[in-house]
Every structure is written in C-alpha cells, then in structure tokens.
2 protein chains.
Amino acid sequence: MTDTGNQHPRTDTVASVVRQWHAVHPSLDTGPMEVIGRINRCAALLQQAEDAPLRRAGLSRAEFDLLGALRRTGHELTPGELARETFSSGAAVTKRVKQLTERGLVERRGDTRDRRVSHLRLTDAGRDLVDGILPEQLAYEEAVLSVLAPAGQEELSGLLAGLLDGLEGRLGALRG
Amino acid sequence: MTDTGNQHPRTDTVASVVRQWHAVHPSLDTGPMEVIGRINRCAALLQQAEDAPLRRAGLSRAEFDLLGALRRTGHELTPGELARETFSSGAAVTKRVKQLTERGLVERRGDTRDRRVSHLRLTDAGRDLVDGILPEQLAYEEAVLSVLAPAGQEELSGLLAGLLDGLEGRLGALRG
DNA sequence: AACAGGTATTTCACCAGTAAAAGATTTGTC
DNA sequence: GACAAATCTTTTACTGGTGAAATACCTGTT
C-alpha cells in the first residue's frame with residue numbers, strides 16, 4: 001500500500017489529448033479514444049521498457065517470442081505454425097529462423113513424408129537462453145507494472161481478457 | 001442483451017499461452033505476462049481494425065495522428081512539436097509532412113524571427129478531411145469496443161489511465 | 001564581430017517487417 | 001499416371017520507421 005494518493009493530480013497524455021478534442025468538437029463522444037488510445041500508448045511504452053532485459057541478451061522481442069513459442073509448446077514447430085503462433089508473416093519467420101539458426105539457438109529438420117515442410121526446435125543453448133531470460137524478464141515486467149496495485153493488475157487483466165476474447169472471436173466479421 | 005452466455009467457453013490466446021508456460025515451468029509467476037501480453041495483443045488487433053476507416057480515406061494511422069494533432073491543438077505546430085505530440089522521431093515527421101503537403105492537406109510557413117523553424121498548419125481541405133473522418137472513426141471504434149459493456153469500458157479506461165499515468169511519470173527511472 | 005555551443009530540421013544509411021510472386025512438393029481427379 | 005489445384009516455404013521488391021550525421025541558424029560571451 002504505497003501512499004501515493006488516490007486522486008491523481010497528474011494526468012496521462014491521452015486525457016489531455018481528449019481534453020483538446022473536446023475544446024474543438026464539444027459534441028464528440030471520445031469514449032473509444034480513451035480506451036483505444038490508452039491501450040496503444042501503454043503498449044508502446046511497455047514494449048520500449050520490456051526491451052531492456054532482452055536486449056542485454058542480444059535478442060529482439062520478436063526473436064524472443066519465436067524462441068518462447070518453441071519452448072512453451074515443448075515440441076517442434078513448422079515455420080507456418082510459428083508464424084501463426086507469433087502473429088507474424090511467414091516471411092518474417094523465415095528471416096528470424098535464419099538468424100537464430102546461425103546463432104546456434106534453433107535447429108531445423110526436414111520432414112521425411114512431406115518435403116515441403118521443415119520442423120524447428122530449440123538447441124540446448126536456445127533452451128537454456130530462454131529459461132535463463134524468462135524469470136528475469138517477468139521480474140522486470142512485474143516491476144514496471146507495480147505502478148498498479150496487485151488488485152488493479154488483476155482487474156485489468158480480466159477486463160483485457162474479455163476484450164481480447166471478443167476481438168479475437170469477432171474481428172473478422174467487422175470488416176468496415 | 002445478446003444471449004451469448006456470460007461464462008466464456010472460448011479463451012483468449014494469451015490465456016492459452018500462459019497455460020503452456022505453466023505446464024513447462026509450473027513455478028513461474030505469469031501475472032505480468034497476462035497483463036502485458038494482453039495489452040500488446042489488443043493493441044495489435046485494434047490497430048488492424050482501426051485502419052479500415054482510415055484507409056478508405058487514404059490515410060495511415062500515423063498520418064491521421066499528425067493531422068489530428070494539428071486539428072485538436074487548434075494552432076500551428078513546428079515539426080519538433082509534432083514529433084513530441086505524436087511520439088515519433090523527427091525524421092518520420094519530416095517524411096509525413098512532405099507527403100501531406102504534396103497532397104494539399106498541410107501547409108508550411110517559415111518563422112520570420114528564427115529561420116530554423118517552420119510552422120505547420122492544416123489547409124482547409126486538411127481540416128475538412130479530419131472533421132469528416134473523425135466521427136466515422138470514433139463510431140467504428142465504438143463498434144469494435146462494444147464486445148465490452150459500457151461499464152466495463154469505463155472501468156478499463158480508468159485502470160489504463162492509472163497505469164499510463166504511472167508509466168509516463170516513472171518510465172525514465174527504470175532503465176534496466 | 002567572431003566564435004563556441006546549442007537548437008531545429010532534414011538527409012542519409014540502414015533495418016525489420018510485409019504482400020505478392022516464385023519455387024517446390026503433395027493431393028485429388030479423371 | 002498425369003495434370004490441375006492446393007499447400008508450405010522462401011525470395012523479391014518495397015515501405016515506413018529509426019538513429020546519427022549533416023545542415024542551417026541562433027545566442028551568448030569575449
């Protein structure tokens with residue numbers, strides 16, 4: 001229970017952007033901006049912050065995501081599966097895998113039945129790297145998030161899960 | 001009140017990632033991942049969705065942000081101020097301004113006292129474009145967010161404001 | 001008035017990502 | 001069994017962004 005007070009005198013940048021819009025277009029419903037603008041801004045700031053511990057290990061976030069996908073699934077993945085798993089294009093996966101293979105963190109194996117596909121797995125070095133970084137990374141993220149009380153973090157987590165669940169389910173249907 | 005049921009059978013992708021990590025490293029505290037992972041994923045999905053109405057007007061989100069900054073402040077801005085206002089590099093602003101000027105949406109005026117700086121403002125066409133798009137854009141965002149009940153949206157907005165307020169205040173101090 | 005140092009903006013070289021085409025292989029159908 | 005369509009991956013051409021150097025200008029000091 002840090003005693004920083006409950007009514008914030010400082011206001012976040014999105015709030016002041018919204019205030020500016022109100023001055024120009026008083027009738028505008030800025031509700032969506034307050035949610036989406038903040039999500040975007042938080043994402044930008046967090047990613048910048050998150051990068052710090054990874055960069056020390058010489059990894060970009062995208063590279064770490066790829067290694068993490070291999071680690072957490074516990075089995076080999078094809079490039080296509082990795083692309084789906086990390087939400088990026090196949091081309092990006094190709095590039096990253098090439099680099100990570102050269103660094104000795106990832107290995108490939110051709111499929112014997114279907115020679116179009118290859119199977120990717122972590123090397124021992126790759127697994128050790130992920131296992132070494134992850135706790136550090138989570139501790140750092142914890143520190144960054146600690147501006148919010150634990151209860152707030154959980155509440156936030158729950159609301160975002162609801163939003164995300166909805167978005168992932170419906171998004172295709174809303175092609176405006 | 002759509003009758004989709006209140007306890008979600010479907011689970012968001014971050015939840016299943018977390019479950020995978022737990023299976024591999026049961027002792028890991030994945031709390032931070034659940035918040036940050038969801039923020040990032042929501043940001044990615046929302047930006048993809050958001051792009052739709054803007055693209056119809058031939059604008060990228062970055063370009064719209066620049067025009068919006070000029071519109072909402074209500075006065076001219078220098079390139080440097082625009083960079084700060086839109087959280088991007090000066091180089092990026094230079095490029096965008098060049099394009100938008102060629103399209104007749106933005107005008108420049110040199111400062112008479114200090115010839116290093118220039119002042120940028122919307123043309124009439126630029127202002128009309130922003131004013132035309134913005135309500136459409138907000139309505140679209142509203143539709144996208146409607147997977148969350150209004151009360152949930154407000155709660156989310158408030159929590160994010162708290163997080164953002166903290167992050168913007170402290171972030172420099174946490175250089176890991 | 002000349003120069004050092006600071007500031008505003010643009011240019012340059014480069015990087016990571018994408019979409020679409022190309023390449024390679026499998027699968028289904030006649 | 002051969003050809004068309006589908007599938008998996010890589011290559012290609014390009015885009016939009018960045019940091020750092022370059023450019024242009026101002027300001028204060030001597």
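Lettering follows sequence order; numbering is per chain, from 1.
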Would you check if [X] and [Y] make a side-chain contact, meaning some heavy-atom pair closer than 4.5 Å?
| X | Y | value |
| --- | --- | --- |
| A:R109 | A:S118 | no |
| A:V24 | B:R71 | yes |
| A:E76 | A:L120 | no |
| A:E63 | A:R103 | yes |
| B:E155 | A:E155 | yes |
| B:H75 | B:L70 | no |
| B:M33 | A:Q137 | no |

Residues of residues 59-84 of chain A with a heavy atom under 4.0 Å from any atom of DNA chain D, listed by number, are A:T78, A:P79, A:G80
Could you tell me whether B:D111 and B:R113 make a salt bridge, using a distance below 4.0 angstrom between a side-chain N and a carboxylate O? no
Round to the nearest Å and state the distance from [X] atom [atom1] to [N] atom [atom2].
| X | N | atom1 | atom2 | value |
| --- | --- | --- | --- | --- |
| B:L54 | D:dG16 | CG | P | 15 Å |
| B:D111 | D:dT27 | CG | P | 10 Å |
| A:K98 | C:dA16 | NZ | P | 12 Å |
| A:Q47 | C:dA16 | CD | P | 16 Å |

Nearest 0.5 Å, please: how far is CG in A:L145 from CD1 in B:I36? 4.0 Å
Euclidean distance, A:D165 CG relative to B:D12 CG, rounded to 0.5 Å: 6.0 Å
Pick the closest DNA chain C nucleotide for A:R96 and for B:V117 by heavy atoms, then say which residue is nearer the 5' end. B:V117
Per-nucleotide protein contact string for nucleotides 19-26 of chain C (B base, S sugar-phosphate only, - none; heavy atom under 4.0 Å): B----BBS
For B:L66, the option from B:L105, B:V97, B:L122 that meets side-chain contact (heavy atoms from CB on, under 4.5 Å): B:V97
Where do N or O atoms of nucleotides 13-15 of chain D meet protein N or O atoms at under 3.5 Å, pair by pair?
none

